[in-house]
Each structure stands twice: as structure tokens, then as C-alpha cells.
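Each ligand, and each atom within it, is numbered from 1 in the order the structure gives.
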Amino acid sequence: MKIVVIGGTGLIGSKTVAILRKGGDEVVAASPKSGVNTITGEGTKEAMAGAQVVIDLANSPSFEDKAVLEFFETSGRNLLPAEAASGVRHHVALSIVGIDRSDNGYFRAKAAQEKLIKASGIPYTIIRATQFLEFLGGIADSSADGNIVRLPPVLFQPIAADDVAAVVAEVALAAPRNGIVEIAGPERAPFNELVARYLKAVGDPRQVVCDPEARYFGGRVEERSLVPLGEARLGRIGLDEWLRRSKA
Ligand SMILES: NC(=O)c1ccc[n+]([C@@H]2O[C@H](COP(=O)([O-])OP(=O)(O)OC[C@H]3O[C@@H](n4cnc5c(N)ncnc54)[C@H](OP(=O)(O)O)[C@@H]3O)[C@@H](O)[C@H]2O)c1
């Protein structure tokens, strides 16, 4: 089976490509570096030829509100019709748990991406993951004011990229759900506590302050805004295990 992974060179994309190749499928790691650009449309139609499954793991180079919305809307408007035209039977995309429960520019862009997929007529599965453990440093940076990192004590359940890629590969080989699958890490704890543990473990001297008014990328978050509310698949790698693997 031919599987095209858009964003196949990224954090999740490269791991997903490696897993699927081990299984013996023909896997195309598509990205601007390999001549497939879903924003300009370059190489997109050609990459789709003969593909049964397309996994969209692309990400916007800019997280600025307007730029990220434009990225996911333009990318979807170029990619989905090209898939429909070549008869792709399953579109898989990676989204984020809680995008409809907190408001920030990145979440709005992911909601727009999901909307285009649902309207495309192509059988699909959307995987909504919690924040990646690999993203904890970025979260600390975005919440920092000098040496103080302000975070709310809301529930947080980050997942390792390896666990995400394993589920993405499995979902891509299964029948389309025409719906959403949620995945999260094995450990659920207050946001401020997990980030404080992470910073301490990596020797980052910044102090985490628990601030119930602190926002997440500008959006207000409640106790359960960022964790799955219903049934979710759980990854195996918690923060301590992930730190051990990262240091090894
Ligand atoms: N960060 C989180 O905590 C989190 C949580 C849940 C879901 N997600 C979602 O997970 C997905 C993957 O994220 P990631 O961290 O693995 O991304 P990443 O490491 O930043 O990789 C982005 C990929 O997108 C490709 N790309 C950029 N512009 C493109 C374009 N115009 N056309 C085609 N491909 C393009 C890049 O290709 P080049 O290498 O050629 O530049 C790269 O392969 C994203 O959709 C993100 O929204 C993230």
C-alpha cells in the first residue's frame, strides 16, 4: 500500500514514516525539502498518485495567530482536493485535545483544519493528542517572564512523540473512523507541577509559579480544558521515562 506522510520529516512525521516502513508499506515522506509543498501546491498532485492513505503531520513554520490559521486553511484547501481527485481512501490528521474548550490562535487554526477535513468527503480519522513531552520547553518559554514561569494548576497529561507516532501509524493502517480518536500520556497531574519537574530535571533554573489566572498561549483554561474528557488511548512513556530516554 502507498502511504504519503505530509510533514514526513518533522518530529512525529519522521517517527511515523520509520514505523510504517518497517511494516513493509511504500511510504513517501513528503515535505518542502522533498519537493512537496501544500502551501504553494508544488508536487502535491504528483505525490498523491496511487496513494491509498495520506497522513497529514505538517506544521506551520510560524505560530503567530494569523499565519498559523492561514497555513492550516491553505494547506487543507490544496491537499484535500488533490487527495479526492486521486481517490485516496483514508485521510489521517493529527490535532489537539481540547481545541474546542480553550481559545487561542493555534487552537483556532487546528479547528479550521478539522472543519475542512470533515467537509472534504474523504473518509478520515482525526487523532487528537495532548501536548507532546517534547513541547514542554516551548511551553515554559511561552509562559516565562524572566526567571518566572507562570502556569495554572489545571490538569495536564502530556504524551511522548514516540507514543503519538505509534498510534498514528496504527490508525493509518486501520479503517477510517470518520470521527475523532483521543490520545494522552499515562500520567495526569497539575500543569505547573509537571513543568516544574521537567525544568528541574533538565537543570533549568527558572521557577514555576502556580497562578490560577495564567493563560495558555493567551487562552483561558479550566481544570479539564487540556485533558481528554471521555475515552482516550494512553501512551506508555511518562515524564520520568521520557527524561531517562532523552538523556540516554
Ligand atoms: N506540539 C504539540 O504538543 C502538538 C500536540 C498535538 C498535535 N500537534 C500537531 O502535530 C502535528 C505535527 O507536529 P510536529 O511537532 O511533528 O511538527 P514539526 O516537527 O514542526 O514538523 C513540521 C513538518 O511540516 C512540514 N511542512 C512545513 N511546511 C510545509 C508545507 N508548506 N508543505 C508540506 N509540509 C510542510 C515540515 O517540512 P520541512 O522539514 O521540509 O520543513 C515538517 O516535516 C502538527 O499538525 C501539530 O499541530 C502538536
List of N/O pairs, ligand 1 versus protein, all under 3.5 Å?
unit_1   : atom_1 : unit_2 : atom_2 : d
ligand 1 : 3 (O)  : F132   : N      : 2.9
ligand 1 : 16 (O) : L11    : N      : 3.4
ligand 1 : 16 (O) : I12    : N      : 2.9
ligand 1 : 19 (O) : L11    : N      : 2.8
ligand 1 : 24 (O) : N59    : N      : 3.1
ligand 1 : 31 (N) : N37    : OD1    : 2.8
ligand 1 : 32 (N) : T38    : N      : 3.0
ligand 1 : 32 (N) : T38    : OG1    : 3.2
ligand 1 : 37 (O) : T9     : OG1    : 3.4
ligand 1 : 39 (O) : T9     : OG1    : 2.6
ligand 1 : 39 (O) : K33    : NZ     : 3.2
ligand 1 : 40 (O) : S31    : OG     : 2.8
ligand 1 : 40 (O) : K33    : N      : 3.3
ligand 1 : 43 (O) : G7     : O      : 3.3
ligand 1 : 43 (O) : T9     : N      : 3.4
ligand 1 : 43 (O) : T9     : OG1    : 2.6
ligand 1 : 43 (O) : G10    : N      : 3.0
ligand 1 : 45 (O) : A58    : O      : 2.9
ligand 1 : 45 (O) : K110   : NZ     : 2.8
ligand 1 : 47 (O) : Y106   : OH     : 2.5
ligand 1 : 47 (O) : K110   : NZ     : 2.9

field: By ring-ring contact (aromatic ring centres under 6.0 Å, His included) - contacts of Y124 (at least two apart)
entry: none
- request: Quick one: sort the W242 and Y198 rings into parallel, tilted or perpendicular, breaks at 30° and 60°.
  value: tilted
- prompt: Is any side-chain heavy atom of Y106 closer than 4.5 Å to a side-chain heavy atom of F72?
  reply: yes
Heavy-atom neighbours of Q207 CD exceed 12 at 6.0 Å: no
statement: Of Q113, R128, E114, the one forming a side chain to side chain donor-acceptor pair (under 3.5 Å) with S95 is E114
task: Would you check if the distance from the ring center of F191 to the ring center of Y216 is below 6.0 Å?
output: yes
